[in-house]
Asks: 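Quick one: the structure is below, questions incoming.
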Protein chains: 2
Amino acid sequence: MTSGVALLREIIDSCTESERKIAEYLIDNPKTAVFCTIAELARQADTNPPAVIRLCKRAGLSGYRELQILLTKDLYSTPDSDAEEPPPAFELDSSQSVEIIAKTIVTRTTDAIERVLSLVNTSAIEEATAAVLGARSVAIFGVGASANVAYDLYQKFSRIGIPCSFAFDADVQITVACGMTSADVAITISYSGKSAHTVAIAEEAKKSGARLIGITSVGQSTLSKLADIVLNVPATEPLLRTSASLSRATQLVMVDILYATVICRSIEVSIPRLERSLKAVHEQDIKTPARS
Amino acid sequence: MTSGVALLREIIDSCTESERKIAEYLIDNPKTAVFCTIAELARQADTNPPAVIRLCKRAGLSGYRELQILLTKDLYSTPDSDAEEPPPAFELDSSQSVEIIAKTIVTRTTDAIERVLSLVNTSAIEEATAAVLGARSVAIFGVGASANVAYDLYQKFSRIGIPCSFAFDADVQITVACGMTSADVAITISYSGKSAHTVAIAEEAKKSGARLIGITSVGQSTLSKLADIVLNVPATEPLLRTSASLSRATQLVMVDILYATVICRSIEVSIPRLERSLKAVHEQDIKTPARS
DNA sequence: AAATATTTAGAAATTATATTCCAAGGATGG
DNA sequence: CCATCCTTGGAATATAATTTCTAAATATTT
């Protein structure tokens, strides 16, 4: 079977005016036919639905469905189709389309997450896992955007019965750090590794004798120097200067990896606890929109 | 990029009997979905059309059309591109290696995020953006794992001066919902769209006359029925039954998209505010580990 | 073990979409 | 300058996707 774009090129000369408009549009944007309805394609090509059908018939196809299949093949079979994807040159602009905004965010986010893989330090994860499982209790720290990640980890560890704590208030975090013992583990999350609060917390935790795990971006930082175990996430450029979106995504993935490893290394106790807590939460669900 | 067959394999265990029949049939004969109608596929798999739709929804797809696209890709994509992403057969297992754990989490997370793109409803995002920018104030709601996402959105909107509120406490959230007016906008985040608290909050917000934006997984839920504007994220199976990791990632990306769009549509005021707030936060940084 | 709730399967109805039909406009050739 | 033949695009129709609903099956509680 031939390619859809090639087929369109072949027949374009024998097309009528309105059919040609559609064929040209599709050669430039084959995705449109893959994802849109006939009506939408016709609108975008500035013509009408019957013209689309006539184009299909002229190309010797049974209908729109067959054209869609051919163009889907085009999109995903050729290796150079990848090359055409990456450059949605993004600028913050009042008329920027939602499509490009979404595409940019998704692309950059997945790229950043994939970079996590190359940075995963297996032995550091194993060490951190062992430390968490052996700890009397685990204190999780993070302020600002990293507070989110810290809270996520706190929720996860709680589900599997790891004794742990987290407080949103930065001063409370320092207080908790001061009260730790050498039987405890501190997990400090900070993208830059150098915010004053985070550093203060890490220092107090160390002074208390706790084992210190740092989740921070690659490169030397005050936090990475203080930490006993460092889990690195990629250094990511702020996405369209809107602040910490990508770093948050990569930190969350790192937290997921740590969490999954902890579950695996304590599977007999973790799974029953996990199932019980999930069930307990879901019991709150569904029951007919119960309310007043 | 996700393979359709792999996706079906992933969800097949969570399927009902009739859905499983279809999934198995498609894994053996992916061509069927590419070339046949729902009715024909249902007949061949010895079941009925609604079951096909339910299978699509369970897989986190928007409908049959999306399943067709994924399976077309499977059929025609170059074999080596598949070989490069060998879906590491993952089992929760005490001796599971960190490499495989990390690879699995990264792969599934990026796949889920990519699926967000195919679900993005441009006009819904535009509508939501306009509602947020036109609102007297924006109240953000979310409990449990979604509280994290809600808090993230709260931080982001705050940075650009959108008057907004968020409270972790679920009862406080209901109170806030009761106090809204028709000049306000409520953004409710819930993966399942049916937790009792979330539904109660959404109902109160509506009763108060507020515009209701729901961020929830595809497929109808109490929340999606209540909401004026629905932003869908893919329905993702819990990653290695460890609970809501993937849904959180996709919700965050959706929140990012909304946030970036809001910035674009109010760029003259947003950017200065954003820069000022980021600068103010960073002033806390660096200054020699200032403490005690 | 009976009663009750919950989930599932599939028939029927609805909605969305593709396709065909047809009338009007416009070109081409006699 | 009329007749014929294309082309176009609005409207009608046919087809297919999706939702809704109900009955049966299954699980859960009493």
Side-chain angles (χ1 to χ4, degrees), chain A residues 11-23 25-26 32-71 279-280 282-290, chain B residues 11-26 32-71 119 121 123 192-196 218-222 224-225 230 232 235:
Chain A
I11 62 154
I12 199 166
D13 290 332
S14 68
C15 284
T16 69
E17 176 61 19
S18 63
E19 288 161 18
R20 198 180 46 71
K21 277 201 281 189
I22 298 160
Y25 190 84
L26 285 180
T32 312
V34 175
F35 295 109
C36 297
T37 65
I38 287 192
E40 176 60 17
L41 168 62
R43 199 191 58 73
Q44 289 188 28
D46 192 31
T47 176
N48 51 64
V52 175
I53 301 292
R54 284 191 285 258
L55 175 69
C56 296
K57 294 293 163 66
R58 189 181 298 277
L61 308 174
S62 63
Y64 186 56
R65 196 70 260 296
E66 210 181 334
L67 178 69
Q68 288 186 305
I69 293 171
L70 284 178
L71 289 172
K279 185 151 167 281
H282 278 296
E283 266 160 19
Q284 306 304 105
D285 272 16
I286 309 167
K287 335 208 124 192
T288 84
Chain B
I11 61 154
I12 199 164
D13 289 333
S14 70
C15 284
T16 67
E17 178 62 18
S18 62
E19 287 162 17
R20 198 179 46 71
K21 278 201 280 189
I22 299 160
E24 278 174 357
Y25 190 84
L26 285 179
T32 312
V34 175
F35 296 109
C36 296
T37 66
I38 286 189
E40 175 60 16
L41 168 62
R43 200 192 56 73
Q44 289 188 29
D46 191 30
T47 174
N48 51 63
V52 176
I53 301 292
R54 284 191 283 254
L55 175 69
C56 297
K57 293 292 164 69
R58 189 181 298 276
L61 308 174
S62 59
Y64 186 58
R65 182 83 203 98
E66 209 184 336
L67 179 68
Q68 288 186 307
I69 292 171
L70 285 179
L71 289 172
L119 287 176
N121 180 333
S123 54
S192 71
K194 61 187 182 186
S195 86
V218 288
Q220 58 179 23
S221 65
T222 314
S224 64
K225 268 180 275 196
V230 176
N232 279 317

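Residue numbers begin at 1 in each chain, while the letters A, B, ... track the order of the sequences.
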Asks: Within a strict 4.5 Å, meaning less than it, do heavy atoms of the B:S18 and B:N48 side chains meet?
Replies: no

Asks: Find the distance B:K21:NZ to C:dA9:C1' and express it as a whole number of Å.
Replies: 9 Å

Asks: For B:E19, which contact category applies under a 4.0 Å heavy-atom criterion: base, sugar-phosphate, or nothing?
Replies: nothing

Asks: Is any side-chain nitrogen or oxygen of B:T16 closer than 4.0 Å to OP1 or OP2 of C:dT8?
Replies: no

Asks: For C:dA9, does either OP1 or OP2 sit under 4.0 Å from a side-chain N or O belonging to B:T47?
Replies: no

Asks: Mind calculating the distance between CG (A:N48) and P (C:dG25) to the nearest angstrom?
Replies: 16 Å

Asks: Report the distance from atom CG of B:L41 to atom P of D:dT18, rounded to the nearest whole Å.
Replies: 12 Å

Asks: Contact between A:L55 and A:I11 at the side-chain level, heavy atoms closer than 4.5 Å - yes or no?
Replies: yes

Asks: So, does B:R65 use its side chain to make a donor-acceptor pair with the main chain of A:C36 at under 3.5 Å?
Replies: no

Asks: Tell me, with the steps shown, if B:K21 and B:E17 meet salt bridge (charged side-chain N to carboxylate O under 4.0 Å, His left out).
Replies: CA-CA 6 Å; B:K21 278 201 280 189; B:E17 178 62 18; 5.7 Å; no

Asks: For the pair made of CG in A:L55 and P in D:dG9, what is the distance, rounded to whole Å?
Replies: 14 Å

Asks: Report, one pair per line, the protein and nucleotides 16-24 of chain C atoms (nitrogen or oxygen only) whose separation is under 3.5 Å.
Replies:
from	atom 1	to	atom 2	distance (Å)
C:dA18	OP2	A:I38	N	2.5
C:dT19	OP2	A:Y64	N	2.9
C:dT20	OP2	A:K57	NZ	2.7

Asks: Could you state the atom-to-atom distance from CZ of A:R43 to C1' of D:dG10 in whole Å?
Replies: 18 Å

Asks: Under 3.5 Å, is there a donor-acceptor pair between the side chain of A:R54 and the main chain of A:E19?
Replies: no

Asks: B:L67 has an atom CG; how far is it from atom P of D:dT18, in whole Å?
Replies: 10 Å

Asks: Okay, side chain of A:Y64, backbone of A:A33: is any donor-acceptor separation there less than 3.5 Å?
Replies: yes

